[in-house]
Structure formats: structure tokens, C-alpha cells
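Let me begin by presenting the structure, written as C-alpha cells, before commenting on it.
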2 protein chains.
Amino acid sequence: MAKMDFWYDFASTYSYLAAMRAEPLATAAGVTLRWRPFLLGPIFKSHGMDTSPFNIYPVKGRYSVRDLERLAERQGLPKFHLPVPFPANSLLASRTALALSNEARPEFSRAVYLAEFSEGRDISDRGTIGDLLARLGHDAEAVLAKTGEQTVKDKLRAETEEAGRQGIFGAPNFVAEDGEHFWGNDRLEQALDWATGRRST
Amino acid sequence: MAKMDFWYDFASTYSYLAAMRAEPLATAAGVTLRWRPFLLGPIFKSHGMDTSPFNIYPVKGRYSVRDLERLAERQGLPKFHLPVPFPANSLLASRTALALSNEARPEFSRAVYLAEFSEGRDISDRGTIGDLLARLGHDAEAVLAKTGEQTVKDKLRAETEEAGRQGIFGAPNFVAEDGEHFWGNDRLEQALDWATGRRST
């Protein structure tokens with residue numbers, strides 16, 4: 001079965017849209033997704049940006065909110081809300097996702113995204129993350145304790161460094177087994193085509 | 001019949017892809033496209049950028065070339081080439097497009113884009129533009145002479161200012177009659193849906 005890496009940042013708006021639709025499309029295409037949360041912040045910094053491009057270029061940021069509202073509606077998602085502040089601090093959510101098993105990570109990630117972009121909840125807050133964990137049947141306190149462990153912190157740092165090494169500069173980013181990159185929610189279908197050898201349409 | 005503005009810059013790579021596929025899709029949707037060339041340069045400058053974002057962020061620029069190669073192939077276009085230097089100076093091509101009639105503009109625009117992005121020709125060169133005009137059956141000398149007239153120069157300046165006033169920050173950009181904006185080649189289908197009232201799918 002073909003595999004594909006799905007790189008995402010919990011603060012990333014278009015990663016949200018991709019996360020909410022990736023799994024059924026991948027299953028239909030016969031592709032196994034590997035969910036790889038990472039931090040865009042250090043990568044933006046390495047390109048000389050101290051915040052999201054949507055803040056650096058406000059006219060683009062305003063347009064993107066409208067674009068996201070329309071796309072969320074087309075996907076059948078709840079009304080899109082940009083969290084305040086934007087981008088959210090995604091450190092705790094990312095560590096939590098990595099503290100969970102590979103099997104539990106997608107469902108937790110979708111829950112974080114929905115809380116953030118449809119309910120406007122603060123995903124940097126331990127109460128929010130604990131609540132989401134509990135609702136999904138996890139032992140919230142045990143998982144939150146794990147996010148303070150050095151192995152989990154190191155894992156997130158290593159994943160972020162790996163993303164940078166692979167030339168990832170934004171999220172979501174899909175990487176096929178042969179190393180081909182597809183950037184953006186708009187490229188999900190094309191990435192799945194590539195991963196399964198259907199490279200032209 | 002629904003109308004839609006198609007704003008494009010001759011130096012813009014993704015405008016090329018949109019220009020090569022927009023007309024048949026618009027016709028099928030029952031939408032009349034109004035082809036509106038403008039200059040992105042002054043708009044980038046107003047946002048503090050002195051060149052294309054693909055040059056400011058080289059890692060994004062390198063990815064975009066690969067993305068364009070793949071998309072050109074999927075569209076059945078010749079192999080994609082980034083012109084040197086990039087972005088090309090699109091002043092002469094834009095003035096020429098505006099000197100032509102509304103009816104002649106789309107065909108001429110597609111010819112410019114193909115020369116630029118598949119043959120690597122210099123679209124700032126009068127010889128190149130004259131050759132393209134002649135091949136399309138225009139009186140090349142007469143049209144080129146028109147590009148030096150103040151009314152044509154003023155028209156391009158006015159169109160570029162209008163684009164800025166409408167909040168356009170990149171190209172291609174599709175604008176529906178109700179003022180709704182859709183940025184990027186990836187949004188062409190959605191823009192046509194919007195223009196014809198099919199706003200969710």
C-alpha cells in the first residue's frame with residue numbers, strides 16, 4: 001500500500017481544511033497517511049519572517065479568511081473562524097499529538113482543528129487540550145504529563161528540523177515515498193494521484 | 001449571461017496556466033470573461049516587495065517551478081520553462097494587449113504566455129511581440145506604434161490602479177459581478193461556480 005507523509009501545523013488554516021478531508025480521500029485512493037505535526041514558526045524564522053505571511057501581508061490575510069470561509073462551507077464544515085490571536089501557539093497541541101499513538105493522532109488532530117477554527121477555542125490552553133483528550137476517551141492527565149517529558153519535546157524538535165531539511169516552507173505539505181512534495185490543501189488530490197502512480201489526468 | 005473579470009499579469013506564472021484553460025471552462029459554464037491585463041510590480045511595491053515573492057523566498061520559488069511543471073503537464077501544455085530573468089518585464093506585452101480589441105486580446109495573450117513560458121522568449125522585446133502579432137494576422141507595426149500612444153499608456157496605468165483599488169494583490173484574480181474575488185489558477189472553477197450561482201458543491 002502506498003504511503004504518504006502529511007505534514008501539518010496546528011496553527012495553519014489550510015492544514016485544518018486538509019486534515020478534515022484527507023483521510024477518506026486517502027482511503028479511497030488506497031494510500032496510508034502518516035500524520036506528522038511540526039512547527040512552522042522556526043521555519044518562517046529561518047526565512048526571515050517573524051509571523052504568518054497572512055499577518056505580514058494583511059490584504060492577503062483578509063482575502064484568505066474569505067477564501068477559508070468559502071472552502072469550509074464547500075467542505076460542509078462549520079462556519080470558519082480565525083482564532084485570536086492568529087496564529088495560535090501550536091506547541092502544546094503538537095506535543096500532545098506526538099505523545100499519542102500513531103493510531104490516535106488523526107482523530108485528536110481533527111478535534112484540535114475544529115475547536116480552533118470553528119469554535120475559536122485557545123489550543124495553547126491545557127484546559128482545552130485536556131477537554132479534547134477526555135472527550136476522545138484518553139486519560140487527559142496522563143497524556144498532558146507526557147507532553148512535559150524530554151522525549152516528546154525532542155520528538156517535536158526533530159520533526160520540525162526534518163521538515164526544514166526536506167525543504168518544507170509551509171503547511172499542509174504532502175510528501176510521497178519518492179520524495180515528491182505537494183504544498184497546500186489544493187494539492188491533496190494531485191498528491192494522492194502521484195502516490196498511486198496516476199501522475200497525469 | 002454572467003460576466004467575470006479575469007485579471008492577469010504577463011509575468012505571472014499561474015496566470016499563464018489560467019489563461020490557457022479559462023476560455024473553454026467559462027464557455028461551458030456560460031460565463032463571459034473580461035480579460036484585464038495589469039501590472040503586479042506596482043502592487044508588490046505598495047506591499048513593500050521589490051520583486052516576485054518567488055524570488056524573495058527562494059525555497060518557495062524552487063517549489064513553484066516544480067509545481068508549474070507538473071500542472072502544465074496535467075493541462076497538456078508544453079514543458080514549462082521559467083524565463084530568465086524572472087519575472088519578465090510585462091510592460092510592452094500589457095500595452096499591446098490593451099491596444100488590441102477586446103475580441104483579439106485573449107488569443108494574443110495566450111500567444112504571449114506560450115512564447116514566454118514554453119519557448120523562453122523575451123516578451124519585453126519588440127521583435128518578439130511584433131512576431132506574435134504578425135503570426136496572428138495583425139498589422140504588427142501599427143499595433144506596436146499604438147503602444148507608444150498616451151491613451152494606451154494611460155489605460156494600463158488606470159487598470160493597474162483599479163486592480164489595487166479592488167484589493168488585488170496577486171494574479172490571476174477572478175472577480176465576479178458582485179465583487180467576490182477568487183485568487184489563483186486553483187480557484188477558476190470555484191469562481192465560475194460563484195458567477196453562475198452554483199455556490200456550494
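Chain naming here is simple, since letters A, B, ... match the order of the sequence lines and numbering starts at 1 in each.
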Euclidean distance, A:Gln190 CD relative to B:Asp186 CG, rounded to 0.5 Å: 9.0 Å
Spacing of A:Trp194 atom CH2 and B:Arg70 atom CZ [to the nearest 0.5 Å]: 6.5 Å
Residue among B:Tyr57, B:Trp183, B:Tyr63 with most heavy-atom pairs under 4.5 Å to chain A: B:Tyr63
Chain B contact via A:Arg187 - which portion, at a heavy-atom distance below 4.5 Å: side chain
Exceeds 12 heavy-atom contacts within 6.0 angstrom, atom NZ of A:Lys153: yes
Residue pair A:Arg66 / B:His181, side-chain heavy-atom distance below 4.5 Å: no
